[in-house]
Amino acid sequence: QVQLVESGGGSVQAGDSLRLSCTTSGGRFSYAMGWFRRAPGKEREFVAAISWNGGMTFYANSVKGRFTFSRDNAKNTAYLQMNSLKPEDTAVYYCAAKGGEHYYTNQYEYEYWGSGTQVTVSS
């Protein structure tokens, strides 16, 4: 059974940075991975995706240029570096994993999910 655990969330001011981590266990780490978020009162939305070897990444327009998705397969951990945070980035952030070589933006394709970590950005 594959498990994903997110960490690194918190409460920050607008303009600050946070780094989220997602550690997997219970399976191989050669998964494509994604970050999604759910803001209060909204549907869960795509944030960023990375291929299994980290060679390809893709970002939602709302975070492009501010967020960076990376991974360290030796540590079974993926990272979402979030810079220049805005109040509209406030959400619960989820990491997800699926088999496959590319990156995937459709949340319904993902097989495994973490329980989420809260990010709150105040103005």
Side-chain angles (χ1 to χ4, degrees):
Q1 181 70 19
V2 177
Q3 293 185 323
L4 286 71
V5 178
E6 304 96 335
S7 61
S11 297
V12 297
Q13 298 287 321
D16 287 349
S17 299
L18 279 175
R19 188 177 78 160
L20 304 184
S21 299
C22 176
T23 301
T24 65
S25 61
R28 71 186 194 282
F29 193 59
S30 54
Y31 294 105
M33 299 189 73
W35 283 98
F36 296 82
R37 66 187 182 187
R38 189 195 305 271
K42 295 188 177 181
E43 297 289 321
R44 187 165 60 189
E45 65 175 5
F46 168 77
V47 176
I50 194 167
S51 59
W52 73 274
N53 64 356
M56 295 183 287
T57 54
F58 190 82
Y59 300 92
N61 287 335
S62 58
V63 306
K64 195 175 299 181
R66 300 188 297 123
F67 290 11
T68 302
F69 198 173
S70 62
R71 63 190 300 163
D72 183 341
N73 286 356
K75 296 182 178 180
N76 289 353
T77 301
Y79 306 97
L80 185 68
Q81 178 67 43
M82 306 187 296
N83 298 330
S84 302
L85 283 161
K86 304 175 181 181
E88 51 264 43
D89 294 318
T90 294
V92 177
Y93 284 71
Y94 301 89
C95 69
K98 73 174 295 300
E101 296 183 351
H102 301 287
Y103 61 78
Y104 305 88
T105 62
N106 185 345
Q107 60 180 299
Y108 299 106
E109 294 188 75
Y110 282 84
E111 303 166 72
Y112 307 105
W113 290 85
S115 59
T117 186
Q118 176 71 47
V119 171
T120 302
V121 185
S122 56
S123 57

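- Scanning both residues, E111 and G99, for their nearest heavy atoms gives OE2-N, 2.7 Å.
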Please assess D72 against Y79 for the test side chain to side chain contact (heavy atoms under 4.5 Å, CB included), listing each intermediate value before the final yes or no.
CA-CA 8 Å; D72 183 341; Y79 306 97; 4.1 Å; yes

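- Cluster membership for W113 and Y103, using ILVMFWY side-chain heavy atoms within less than 4.5 angstrom, is shared.
- Here the side chain of S51 pairs a donor or acceptor atom with the backbone of M56 at under 3.5 angstrom.
- Looking at every heavy atom in both residues, L20 comes nearest to G9 through CD2-N, 3.6 Å.
- No single ILVMFWY cluster, assembled from side-chain heavy atoms under 4.5 Å apart, contains both Y94 and I50.
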Take M33 and K98 through the test side chain to side chain contact (heavy atoms under 4.5 Å, CB included) and record every step on the way to the result.
CA-CA 6 Å; M33 299 189 73; K98 73 174 295 300; over 6 Å; no

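- Remark: Q81 pairs with N83 by the side chain to side chain donor-acceptor pair (under 3.5 Å) rule, at least two apart or across chains.
- Annotation: W35 is not in aromatic contact with F46 [ring centroid separation under 6.0 Å not met].
- Between V47 and F67 there is a side-chain heavy-atom pair separated by less than 4.5 Å.
- The closest side-chain heavy-atom distance from M82 to L80 is below 4.5 Å.
- One finds the NZ atom of K86 at 13.5 Å from the OG atom of S123 (value rounded to the nearest 0.5 Å).
- Between S84 and D89, the shortest heavy-atom distance links the atoms O-OD2, 4.4 Å.
- Among all heavy-atom pairs drawn from L18 and G8, the shortest one is CD2-O, 3.7 Å.
- No donor-acceptor distance shorter than 3.5 angstrom exists from the side chain of E43 to the backbone of R38, with no hydrogens or angles considered.
- A side-chain donor from one of Y93 and R37 sits under 3.5 Å from a side-chain acceptor of the other.
- The side-chain heavy atoms of T57 and Y59, taken from C-beta on, include a pair separated by under 4.5 Å.
- Interatomic distance, S25 OG to N76 CG, rounded to the nearest 0.5 Å: 8.0 Å.
- Counting only heavy atoms from C-beta outward, the side chains of E6 and S115 approach each other to under 4.5 Å.
- Aromatic ring orientation, Y110 versus F36: perpendicular (interplanar angle above 60°, classes split at 30° and 60°).
- Centroid-to-centroid, the aromatic rings of Y31 and Y112 come within less than 6.0 Å.
- Side-chain atoms of T77 and S21 form no donor-acceptor pair, as typed in the model, at a separation below 3.5 Å.
- Between Q13 and S122, the closest heavy-atom pair is NE2-OG, 3.3 Å.
- Judged by distance alone, the side chains of T120 and Q118 do bring a donor and an acceptor atom under 3.5 Å apart.
- Closest approach of N53 to N73, counting heavy atoms only: CA-ND2, 4.3 Å.
- In this structure, R71 fails the cation-pi test against W52, since its NZ or CZ atom is not both closer than 6.0 Å to the six-membered ring centre and inside 45 degrees of the ring normal.
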